[in-house]
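Below is one structure, written out as structure tokens, with a few remarks after it.
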Amino acid sequence: MVETFLLPVATALWVFPLVVLVVMVPVAVVSYRRRGRAGGWTAVVFYSFLFYLLAAFLQTIIPLPRDGGAYCTAHHYASTPQLRPFEFVDIIRQRARGDWSLTGILHNGVLWSTALNVILLLPLGILLRYTTKLGIVATTAVGFGASLFFELTQLTGLWFIYPCAYRLFSVDDLILNTAGAFVGALLGGPLRRILPELAPKRDLERYADKVTVTRRLFALAADLAGFALLLAFSFGLLRLFDQPTEHQGLPVITVGLVWFVLNPALTGSTLGKRAMLLRVERTNGRRAGPLALLVRYAVLLSPLWLAWLALSVDVWAIADHPERLLILVGIVLSFFVVGVWTPLAVFFSDDHRAPYEQLTRTINVAIVRANPASTSPSP
């Protein structure tokens with residue numbers, strides 16, 4: 001029985017890093033715009049909340065049947081929903097057989113299953129009260145909605161992925177889960193006064209004007225993700241209109257120039273930097289021009305475009321094409337400049353400027369909004 005409850009948690013530990021990779025950049029964008037930073041206690045609370053939600057959901061669907069068709073043919077216990085309220089009381093009494101000693105309670109699996117159903121959404125009540133400051137009634141209602149979602153997921157066979165319900169829909173689970181959320185809501189009020197305050201406005205006032213390494217990295221990650229999506233969209237349009245896609249260089253170069261040169265030359269920021277409330281300026285305070293931006297991003301992204309160039313040609317055919325040796329040399333140099341020199345310069349130089357920033361006389365400057373509108377907690 002213990003293994004049945006631990007398996008979803010173990011699965012959550014494996015899946016959670018993948019979930020973090022998916023949500024990390026969008027969460028960082030929201031966090032920097034609301035709080036001026038992506039770390040701190042608020043981030044710990046948010047990712048803990050995210051892990052809890054993942055583990056709670058997996059608790060309702062795992063273990064999964066390996067062969068859905070064969071399983072549904074052989075098992076029918078979950079095909080009829082359990083709609084009798086408080087049936088768990090009779091089942092606990094039957095399993096106890098009058099033995100209410102400590103040993104009997106420890107061996108009563110139904111009793112422990114009932115308790116775990118209460119505990120399942122208890123953290124939800126606490127975390128909702130703490131992070132959103134909802135009232136007890138509203139928090140309990142959210143708990144009921146979460147429980148109903150879990151039960152419908154079981155009733156529909158993981159939303160019709162499986163041809164039958166392999167877990168039982170039970171009205172008792174709705175009652176117990178909602179009761180757990182209610183208890184969590186009661187506990188969340190006092191705990192909210194003990195735990196550190198989530199104060200995004202205070203964080204924003206303190207960190208909004210700081211250009212940190214993580215802020216720059218998240219901006220670059222957002223730019224690369226947006227550039228990749230726009231590039232994929234461009235190739236999709238070419239295929240849709242039956243245009244030749246053999247020569248991929250032109251779309252790549254065009255989209256790259258628009259994203260990393262033309263747009264920031266006109267607006268002062270790439271879209272990724274704009275999302276992180278950053279802009280690129282010359283050291284004299286003037287907006288960076290197209291040439292400076294072209295050189296800046298040509299160096300910064302050189303490992304990517306040189307690797308793409310190397311994959312486009314047989315770079316190892318040096319005997320027939322000696323000039324291709326320059327690509328290999330360029331890849332080595334670019335990885336040294338971007339992967340070694342840049343981190344050392346950013347962390348240890350007096351002005352914390354990367355070599356491509358020194359070459360182009362450009363810097364990152366924080367965009368500080370005069371009237372921050374949001375004061376609610378964010379990740």
Discussion item. Working note: R206 + D203, criterion salt bridge (Lys or Arg N to Asp or Glu O under 4.0 Å); need CA distance, chi angles, decisive distance, verdict.
Written reply: CA-CA 5 Å; R206 182 177 179 182; D203 285 349; 6.0 Å; no
Worksheet item: Counting distance only, does the side-chain N/O of S31 pair as donor-acceptor with the main-chain N or O of V27 below 3.5 Å?
Response: no
Discussion item. So does T60 get a backbone contact from the side chain of Q154, meaning a donor-acceptor N/O pair under 3.5 Å?
Written reply: yes
Worksheet item: Given the rule in the ring pair (Phe, Tyr, Trp, His ring centres under 6.0 Å) test, do Y32 and Y207 qualify, once you have shown the distances and angles that lead to the verdict?
Response: CA-CA 9 Å; Y32 271 106; Y207 297 102; 9.4 Å; no
Worksheet item: Can you tell if the side chain of Y356 reaches within under 4.5 Å of the side chain of V337, non-hydrogen atoms only?
Response: no
Practice prompt. Determine whether more than 12 heavy atoms belonging to other residues, nucleotides or ligands lie under 6.0 Å from atom CG of N284.
Written response: yes
Practice prompt. State, to 0.1 Å, how close A354 and A345 come at their nearest heavy-atom pair, and which atoms those are.
Written response: CA-CB, 4.4 Å
Worksheet item: Does L176 offer a backbone N or O that forms a donor-acceptor pair with the side chain of N117 under 3.5 Å?
Response: no
Worksheet item: To the nearest 0.5 Å, how far apart are CG in L257 and OH in Y297?
Response: 13.0 Å
Discussion item. Would you say V20 ends up clustered with L18 if hydrophobic residues are merged whenever their side chains have heavy atoms under 4.5 Å apart, either directly or through other cluster members?
Written reply: no
Item to complete: Please report the closest heavy-atom contact between V255 and S234, naming both atoms and the distance.
Response: CG2-OG, 3.6 Å
Practice prompt. Please name the pair of heavy atoms, one in L168 and one in E151, separated by the smallest distance, quoted to 0.1 Å.
Written response: O-OE1, 3.6 Å
Worksheet entry | D172 vs I91 side-chain heavy atoms within contact, under 4.5 Å | no
Fill in: Donor-acceptor under 3.5 Å (W305 side chain, A298 main chain)
yes
Worksheet entry | Full working for side chain to side chain contact (heavy atoms under 4.5 Å, CB included) between L121 and F150 | CA-CA 11 Å; L121 292 189; F150 292 159; 3.9 Å; yes
Response to the item:
The single option from R37, R35, E205, R33 that satisfies side-chain contact (heavy atoms from CB on, under 4.5 Å) with P200 is R35
Fill in: Side-chain heavy-atom pair V346, R353 within 4.5 angstrom cut-off
no
Worksheet, complete the sentence: The reported gap from CE in M276 to CG in L271 (rounded to nearest 0.5 angstrom) is 12.5 Å
Worksheet item: Within a radius of less than 6.0 Å around CZ of F149, do more than 12 heavy atoms belonging to other residues, nucleotides or ligands occur?
Response: yes
Fill in: Over 12 foreign heavy atoms within 6.0 Å of CZ, R216
yes
Discussion item. Could you check whether T267 and S269, counting side-chain N and O atoms only, form a donor-acceptor pair closer than 3.5 Å?
Written reply: no
Discussion item. Are the side chains of P26 and V30 in contact, using a 4.5 Å heavy-atom criterion?
Written reply: no
Worksheet item: In terms of hydrophobic clustering (I, L, V, M, F, W, Y; side-chain heavy atoms under 4.5 Å; direct or indirect links), are W259 and L266 co-clustered?
Response: no
Item to complete: Rounded to the nearest 0.5 Å, what's the gap from OG1 on T270 to CG on L224? Could you check?
Response: 9.5 Å
Worksheet entry | Distance in Å, N364 CG paired with I367 CD1, rounded so as to fall on 0.5 Å steps | 10.0 Å
Worksheet entry | Working for salt bridge (Lys or Arg N to Asp or Glu O under 4.0 Å), residues E357 and R296 | CA-CA 7 Å; E357 293 178 311; R296 175 189 173 93; 3.5 Å; yes
Discussion item. Within the 3.5 Å criterion, strictly below it, is a donor on T153 or W159 matched to an acceptor on the partner's side chain?
Written reply: yes
Item to complete: Using modelled atom types only, decide if a donor and an acceptor are shared between the side chain of S147 and the backbone of G143 within a distance under 3.5 Å.
Response: no
Worksheet entry | V171 vs R84 side-chain heavy atoms within contact, under 4.5 Å | no
Discussion item. Quick one: does any side-chain atom of R282 pair with a main-chain N or O of I363 as donor and acceptor, under 3.5 Å?
Written reply: no
Discussion item. Tell me the closest heavy-atom pair linking V261 and P290, and the distance in Å.
Written reply: CG1-O, 3.7 Å
Worksheet item: Do you know which of V183, L191, T139 makes side-chain contact (heavy atoms from CB on, under 4.5 Å) with I126?
Response: L191
Discussion item. Set out, in order, the CA-CA distance, both residues' side-chain angles and the distance that settles side chain to side chain contact (heavy atoms under 4.5 Å, CB included) for F235 and L231, then state yes or no.
Written reply: CA-CA 6 Å; F235 280 116; L231 192 61; 3.7 Å; yes
Item to complete: Please check if L120 and V15 belong to a single hydrophobic cluster, counting links between Ile, Leu, Val, Met, Phe, Trp and Tyr side chain heavy atoms closer than 4.5 Å.
Response: yes
Worksheet item: If Ile, Leu, Val, Met, Phe, Trp and Tyr residues are connected whenever their side-chain heavy atoms lie under 4.5 Å apart, and connections chain through other members, are F227 and L262 in the same group?
Response: no
Fill in: Closest heavy-atom pair and its distance - T362, A292
CG2-CB, 4.3 Å
Worksheet entry | F16 and Y47 aromatic ring geometry - parallel, tilted or perpendicular at 30°/60° bounds | perpendicular
Worksheet item: Roughly how far, to the nearest 0.5 Å, is CD1 of I161 from CG of L64?
Response: 8.5 Å
Fill in: Pairwise distance OH(Y130) to CZ(R193) - rounded to 0.5 angstrom
13.5 Å
Response to the item:
Nearest heavy-atom contact between P65 and Y162 is O-OH, 3.1 Å
Practice prompt. May I ask you to decide if L134's main-chain N or O and R129's side chain share a donor-acceptor pair within less than 3.5 Å?
Written response: yes
Item to complete: Give the intermediate values and the outcome of side chain to side chain contact (heavy atoms under 4.5 Å, CB included) for residues I92 and W112.
Response: CA-CA 10 Å; I92 291 173; W112 285 105; over 6 Å; no
Worksheet item: Looking at side-chain heavy atoms only, is the closest gap between F260 and L293 below 4.5 Å?
Response: no
Worksheet item: Is there a donor-acceptor pair under 3.5 Å between the side chain of T342 and the backbone N or O of G339?
Response: no
Discussion item. Any non-hydrogen side-chain atom of S302 less than 4.5 Å from a side-chain atom of V338?
Written reply: yes
Worksheet item: Below 4.5 Å, heavy atoms only, C-beta onward: do L220 and L300 meet side chain to side chain?
Response: yes
Item to complete: Would you please test L54 and L50 for side chain to side chain contact (heavy atoms under 4.5 Å, CB included) and show each step?
Response: CA-CA 6 Å; L54 176 65; L50 185 64; 5.9 Å; no
Worksheet item: Parallel, tilted or perpendicular: which fits the ring planes of Y71 and Y166, with parallel below 30° and perpendicular above 60°?
Response: perpendicular
Worksheet item: So if you build clusters from Ile, Leu, Val, Met, Phe, Trp, Tyr with side-chain heavy-atom gaps below 4.5 Å, do I61 and F169 land together?
Response: yes
